[in-house]
Amino acid sequence: MKKIKKIFSILGPGFITGASDDDPSGIATYSQTGALFGFAQAWTALFSFPMMVAIQEMCGRIGLVSGKGLAGVIRLHYPKKVLYSSVFLLFLANTINIGADLGAMAASAQLVFGFPFVYWLIGMVVLTLVLEIFVSYKTYSKYLKYLALALLSYVVAAFTIKLDWKEVFASLIIPHIEFNKTYIFNIVAILGTTISPYLFFWQADEEVEEEVAHHKLRRMGAGQPRITPKDISRLRLDTVIGMLFSNLVMFFIIITTGTTLFTHGITKINSASDAALALKPLAGDYAFLLFAVGIVATGLLALPILAGSASYAVSESFGWREGLYQKLNRAHGFYGVITIATLVGLLINFIGIDPIVALYYSAVINGIIAPPLIVMILLIANNKKIMGERTNSPFLNILGALTAFIMGLSAVILLFSLFIK
C-alpha cells in the first residue's frame, strides 16, 4: 500500500489529464472505431502519443512557469478577440461533451443496476456538482487519481477474449490507410477526441492549483512560482505517464471491440453504453460489466474536468477569482460557470440529439479550436517574456507545428465531408 501511495504521489495533473481523455465520449468513439474497422485504425493510438505529450507538456509548463492558466496568459499578452472566440467555442464543445458523457453514464448505470435513466442522470449531475464545489482541491485531486484506475477495466476486458496478438501488433505498428469518407471521417473524430482543447486549459490550470496547494503561490494568477529543474522533470514524467496511460486504454478499447463487434458485423454504435451491451452476448457478462462500470467511473473523472476547464477559461477571461481550492462564497463566478455547463449538458439529453452526432459535432468544434490554440501555445511557450529560460526546445517546436498542421488539415477535411454527400 505504501508503494502505491508513493507512485501516486509522483503523479499529478498530467496523469489526471491523460486519464480524463478516455471519457465516455472517447470510449464511444474508440468503440465505434473498432466496430467499423476492426484493427485497421489501432495505429492511431501510437501515432497520436508523441503529439499529445508535446502539446500537454507545453501547456503544463506554461502554467507551472507563469503561475497562470492559458486563458490568463492569452488575456494579458494577446488580442481579446482571440481569447473570447476561443473560450466561447471551448465552452460550447465542453457542454456538448458533458451532455454526451452524462447520457452514456446514466444508460450504463441503468444497464447494470436497473432504475430509470432519468434518476441516474440527475443523481450523477448532483454528485458531480457537490464534489466539485464543496470538496477541497487537495482531497479532490487524490480522488481523481484513484478514479483513473477504473480505466484499467478496459485493459482487463481485452484479456477476457481471444485475440490474435500477431495481427494486433502489426496493426499498431504498420498504418493502414483507406481513402474513403467514412475512414477519414473517423480518423478526424479520433484526433478531435484525443487532442482536445479542454485538456490544454485543464492541465495548465491544474499545475497552478498544485503550486497554490504547495504554497508556492498565494493564489492563482498572483505572481510567478519559483521553478526548479526538478519541477520541470516531474512535469515531463507525469505528462508522459498520463498520455501513455490514455493511449494504452484507447488501444485496448479498439482491439477489444474490433475482435468482438467488427468480427460479428456489428458496426453501428450509438453510445458507449451500446458498446457495453453489444459485448454481452459476444464476450460474456464479465467483459460487459467491466465496460459498463468503467463508463460510469470514467465519466465521474471526466465531467469535473470538462466543466472545470471551461470555468477556468471563462473566469480568467473576465478576471474573476478562480480555483478549486477557493470556497464557494469567494468564487461565485467560477463555480457558477461549472454549474451552468453541467446543467446545460444535462438538458442536452432531453432534446433528442443522436449521441454519435453530438460526439462528432463536438469533434468538429475541437478540430476547429485546436489548431489555432496549438499555434498560440507554441507562441507562448517560445516567448521569453512569459517563459524566461523555460522556452521550447527545437524538437518540441517541430512536433508542435506538425500537430497543428495535421489537426488543421483534419478540421478542413471534416468540415468538407459534412457538406459533401
Open item on the list: Determine whether a donor-acceptor pair (N or O, by modelled atom type, separation under 3.5 Å) exists between the side chain of S311 and the backbone of A307.
Closed with: no
Task: Within-4.5 Å side-chain heavy-atom neighbours: Y198 and D23 - done: yes
Open item on the list: Please report the interatomic distance OH(Y84) to CD1(I74), rounded to the nearest 0.5 Å.
Closed with: 12.0 Å
Open item on the list: Would you say that Y78 contacts L379 through its side chain, given a criterion of any heavy-atom pair below 4.5 Å between the two side chains?
Closed with: yes
Task: Verdict with supporting geometry, N366 and T193, side chain to side chain donor-acceptor pair (under 3.5 Å) - done: CA-CA 8 Å; N366 284 332; T193 303; over 6 Å; no
Open item on the list: Quick check on the 6.0 Å ring-centre criterion: do Y312 and F334 meet it?
Closed with: yes
- [ ] Indicate the atoms forming the closest heavy-atom contact of R234 with P13, along with that distance.
- [x] NH1-CD, 4.2 Å
- [ ] Decide side chain to side chain contact (heavy atoms under 4.5 Å, CB included) for M105 and L300; before the verdict, give the C-alpha distance in whole Å, the side-chain angles of both, and the deciding distance to 0.1 Å.
- [x] CA-CA 8 Å; M105 291 163 66; L300 289 172; 3.9 Å; yes
Open item on the list: Counting C-beta onward and ignoring hydrogens, is there a side-chain heavy-atom pair between F39 and T259 closer than 4.5 Å?
Closed with: yes
- [ ] Check G345 against I98 and note the closest heavy-atom contact, atom names and distance.
- [x] CA-CG2, 4.0 Å
Open item on the list: Nearest 0.5 angstrom please: L248 CG to L152 CG, how far?
Closed with: 8.5 Å
- [ ] Return the set of residues passing side-chain contact (heavy atoms from CB on, under 4.5 Å) with S86 (not counting sequence neighbours), or none when no residue passes.
- [x] V82, L373
TODO: Test F15 against F245 for ring-ring contact (aromatic ring centres under 6.0 Å, His included), laying out the working first.
DONE: CA-CA 8 Å; F15 178 72; F245 184 64; 5.2 Å; yes
- [ ] Please name the pair of heavy atoms, one in G12 and one in D238, separated by the smallest distance, quoted to 0.1 Å.
- [x] N-OD1, 2.9 Å
TODO: Mark yes or no for whether T228, through its side chain, and D231, through its backbone, hold a donor-acceptor pair below 3.5 Å.
DONE: yes
Task: T257 (side chain) donor-acceptor with I254 (main chain) under 3.5 angstrom - done: yes
Open item on the list: Whether the side chain of R75 engages the backbone of F318 through a donor-acceptor N/O pair (distance < 3.5 Å, no angle test) should be reported.
Closed with: no
TODO: Return yes if some donor-acceptor pair links the side-chain N/O of E316 with the main-chain N/O of A71 below 3.5 Å, else return no.
DONE: yes
TODO: Name the orientation class of the two ring planes belonging to Y183 and H176 (parallel below 30°, tilted from 30 to 60°, perpendicular beyond 60°).
DONE: perpendicular
Task: Point-to-point distance, once rounded to the nearest 0.5 Å, from OG1 of T256 to CG of L261 - done: 9.5 Å
Open item on the list: Any side-chain to backbone donor/acceptor pair from N94 onto L306? Under 3.5 Å, distance only.
Closed with: yes
TODO: Taking the side chain as every heavy atom from C-beta outward, state whether I340 and F91 have any pair of such atoms under 4.5 Å apart.
DONE: yes
Task: Closest non-hydrogen atom pair, V375 against A404 - done: CG2-CB, 4.2 Å
Side-chain donor-acceptor pairs of residues 122-130 under 3.5 Å, sequence neighbours excluded:
unit_1: T128; atom_1: OG1; unit_2: M124; atom_2: O; d: 2.8

Task: Test item: S309 side-chain N/O and W202 main-chain N/O as donor-acceptor pair under 3.5 Å - done: no
TODO: Supply the atom-to-atom distance I374 CD1 to C59 SG, rounded to the nearest 0.5 angstrom.
DONE: 8.5 Å
Open item on the list: For T298 versus I27, what's the shortest heavy-atom pair and its separation?
Closed with: OG1-CD1, 3.5 Å
TODO: For Y154, enumerate each residue passing the ring-ring contact (aromatic ring centres under 6.0 Å, His included) test, keeping only those at least two apart in sequence or located in another chain.
DONE: F291
Open item on the list: Any heavy-atom pair between the side chains of D22 and M250 that's under 4.5 Å?
Closed with: yes
Task: Shortest non-hydrogen contact from L121 toward G103 - done: CD1-N, 4.1 Å
Open item on the list: So F262 and L36, do their side chains get closer than 4.5 Å, heavy atoms only?
Closed with: no
- [ ] Supply the atom-to-atom distance M58 CE to N382 CG, rounded to the nearest 0.5 angstrom.
- [x] 8.0 Å
TODO: For the pair D101 (side chain) and G299 (backbone), establish whether a donor and an acceptor sit closer than 3.5 Å, ignoring hydrogens and angles.
DONE: no
- [ ] Using salt bridge (Lys or Arg N to Asp or Glu O under 4.0 Å) as the criterion, list what pairs up with R236, not counting sequence neighbours.
- [x] E57
Open item on the list: Taking the six-membered ring for Trp, are W43 and F49 closer than 6.0 Å centroid to centroid?
Closed with: no
Task: For Q203, all residues meeting side chain to side chain donor-acceptor pair (under 3.5 Å), sequence neighbours excluded - done: Q56, T239
TODO: Could you please spell out the steps behind the side chain to side chain contact (heavy atoms under 4.5 Å, CB included) verdict for S31 and I253?
DONE: CA-CA 6 Å; S31 298; I253 293 172; 3.6 Å; yes
Task: CA sep, side-chain torsions, deciding dist, call: S393, N397, side chain to side chain contact (heavy atoms under 4.5 Å, CB included) - done: CA-CA 6 Å; S393 66; N397 283 330; over 6 Å; no
Task: Heavy-atom side-chain proximity of I190 to F185 below 4.5 angstrom - done: no
TODO: Verify whether one side chain among Y30 and S25 offers a donor that lies under 3.5 Å from an acceptor in the other.
DONE: no
Open item on the list: For H77, give me all partners under side chain to side chain donor-acceptor pair (under 3.5 Å), at least two apart in sequence or on another chain.
Closed with: none
Task: side chain to side chain donor-acceptor pair (under 3.5 Å) between N186 and T33, intermediate numbers included - done: CA-CA 7 Å; N186 202 74; T33 299; 2.8 Å; yes
Task: Donor-acceptor pair, side chain of T44 and main chain of Q41, under 3.5 angstrom - done: yes
Task: Separation of I55 CD1 from S48 OG (nearest 0.5 Å) - done: 12.0 Å
Open item on the list: Whether the side chain of E209 engages the backbone of L324 through a donor-acceptor N/O pair (distance < 3.5 Å, no angle test) should be reported.
Closed with: yes
Task: Heavy-atom side-chain proximity of L46 to F251 below 4.5 angstrom - done: no
Open item on the list: Once you measure the plane-to-plane angle for W165 and F252, does it fall in the parallel (<30°), tilted (30-60°) or perpendicular (>60°) bin?
Closed with: perpendicular
Task: Working for side chain to side chain contact (heavy atoms under 4.5 Å, CB included), residues D205 and K68 - done: CA-CA 7 Å; D205 280 296; K68 298 176 181 64; over 6 Å; no
